[in-house]
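A, B, ... follow the sequence lines: proteins, then strands. Residue 1 opens every chain.
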There are 2 protein chains.
Amino acid sequence: MVKNTGRPGYLQIADDLRAQIRGGSLAPGTPLPSTAQLAEQYDASLSVVKMAVGILRNEGLVIGQQGKGVFVREAEEPPPARDDEVAELRAAVQDLSVRLAKVEEQLATSTTRRSGRSSR
Amino acid sequence: MVKNTGRPGYLQIADDLRAQIRGGSLAPGTPLPSTAQLAEQYDASLSVVKMAVGILRNEGLVIGQQGKGVFVREAEEPPPARDDEVAELRAAVQDLSVRLAKVEEQLATSTTRRSGRSSR
DNA sequence: CAAGCCAACTAGGTTAACTATGTTGGTGAA
DNA sequence: TTCACCAACATAGTTAACCTAGTTGGCTTG
């Protein structure tokens, strides 16, 4: 609900969601409520919710899938998180992974000559 | 200048600043250029610069002081024992990143899939 | 000269609007 | 039934605008 403490709203929401994930209230694999729902739930604007989710996404706690939702990531292993450098590398690998998957799919669809649907 | 690779601008700027910090181009204790200056330098909007700086702030690489500026955090980083491994991973990620970016660009430019989607 | 005010900077937070892109389900036509 | 299209909804990225608040230096005033 974003109390009026000194802590900014987007951090409060991020904290709350993080706690729910760590506490098991939001199990791995399950989707978070949509941005709009969270905004209403916390009585915040869409922007701050997006920022909060962005933080968790950056932390690797959740994975956003465009068009579907934001899902709690499976397998959370905290051990070597000593360095933020490791966290950074993890984020980089995650990023590369997503991009690679995209490229691979693009290659697959173009080579199998599947009739593509034209968006928009 | 925020190239047109798949990577969003705020991450590109964050990466660049992070590299400058780690590379020593931005020494500990020195201030980053102001938000406005960075925005002009990268030819980006103030918003994306603020997002980029926010990431670094979140990572603990820099410390923002309201009214003064954003300063590179004093070293104080206990060099991880397995420096070699981290360095190696970093190099690998860097290499993959470059190669992936190349492939992505190739796909983006060469495959204007039939059935439209001509934009870009 | 010294105190205090003020204007101009700074970072930080919030909101709204727009675009792009992906997913999904329903509808209607062949 | 099956396919094509479309509307609705989702995340993601970007931009612009406005506000708060801290810092600094110059200027005015006592």
Side-chain angles (χ1 to χ4, degrees), chain A residues 2-15 17 30-40 42-58 61-73 94-95 98-99 101-103 105-106 109 114-120, chain B residues 1-14 17 30-40 42-58 61-73 104 107-108 113-120:
Chain A
V2 186
K3 302 171 299 183
N4 199 4
T5 170
R7 199 154 175 76
Y10 69 96
L11 284 184
Q12 289 183 44
I13 297 178
D15 288 345
L17 292 176
T30 61
L32 270 59
S34 75
T35 305
Q37 287 174 329
L38 286 176
E40 185 178 1
Y42 287 103
D43 190 29
S45 70
L46 292 175
S47 301
V48 300
V49 171
K50 292 209 291 184
M51 288 177 72
V53 173
I55 289 177
L56 299 184
R57 188 152 43 95
N58 194 279
L61 276 177
V62 300
I63 295 182
Q65 282 182 261
Q66 223 171 263
K68 294 185 73 176
V70 179
F71 298 84
V72 179
R73 190 167 139 181
Q94 172 61 22
D95 174 62
V98 171
R99 286 160 66 193
K102 223 172 270 186
V103 170
E105 182 171 5
Q106 206 169 344
T109 57
R114 188 168 273 295
S115 76
R117 57 196 290 128
S118 65
S119 63
R120 200 116 165 89
Chain B
M1 203 298 205
V2 186
K3 300 171 300 183
N4 198 4
T5 170
R7 199 153 174 78
Y10 69 95
L11 285 184
Q12 289 183 44
I13 295 177
L17 292 176
T30 61
L32 270 61
S34 76
T35 305
Q37 286 175 331
L38 286 177
E40 185 178 1
Y42 287 102
D43 190 27
S45 71
L46 291 176
S47 301
V48 300
V49 170
K50 292 209 289 184
M51 288 178 72
V53 172
I55 289 178
L56 299 185
R57 191 153 42 96
N58 193 279
L61 276 177
V62 300
I63 295 182
Q65 281 182 262
Q66 224 172 301
K68 295 184 71 177
V70 179
F71 298 84
V72 178
R73 198 153 86 122
E104 280 171 339
L107 271 180
R113 316 233 310 194
R114 73 194 132 303
S115 89
R117 157 92 48 42
S118 57
S119 66
R120 207 294 173 295

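For A:Gln12 (side chain) and A:Arg7 (main-chain N/O), a donor-acceptor pair under 3.5 Å exists by modelled atom type.
You'll find the side chain of B:Val72 reaches within 4.5 Å of the side chain of B:Leu32, heavy atoms only. Proximity of B:Val62 to B:Leu17: side-chain heavy atoms (C-beta onward) are nowhere separated by under 4.5 Å.
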Per-nucleotide protein contact string for nucleotides 3-11 of chain C, where B marks a base within reach and S marks sugar-phosphate only (heavy atoms under 4.0 Å, - for neither):
-------BB
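A donor N or O paired with an acceptor N or O is found under 3.5 Å between the base of D:dA16 and the side-chain atoms of B:Ser47.
The shortest heavy-atom contact between A:Leu46 and A:Ala36 is CD2-CA, 3.7 Å. Closest approach of A:Tyr10 and A:Ala52 over heavy atoms only: O-CB, 3.4 Å. Nearest heavy-atom pair across A:Ala14 and A:Leu56 is O-CD2, 3.8 Å.
Listed pair B:Tyr10 / D:dG13 meets the phosphate criterion, a side-chain N or O lying under 4.0 Å from OP1 or OP2.
Computed from coordinates, the B:Leu38 CG to C:dG12 C1' distance equals 15 Å when rounded to whole Å. Atom CG in A:Leu46 sits roughly 18 Å away from atom P in D:dT14 (whole-Å rounding). Rounded to an integer number of Å, the gap from B:Tyr42 OH to D:dT14 C1' is 18 Å. Here C:dG12 presents its P atom at 14 Å from CZ of A:Arg7, a figure rounded to the nearest Å. What separates CG of B:Asp43 from P of D:dT14 is a distance of 13 Å, to the nearest Å. Distance A:Gln12 CD to C:dG13 C1': 12 Å, rounded to the nearest Å. Remark: P of C:dT21 and NZ of A:Lys50 are 15 Å apart, rounded to the nearest angstrom. Rounded to whole Å, the distance from CG on A:Leu11 to C1' on C:dG13 is 10 Å.
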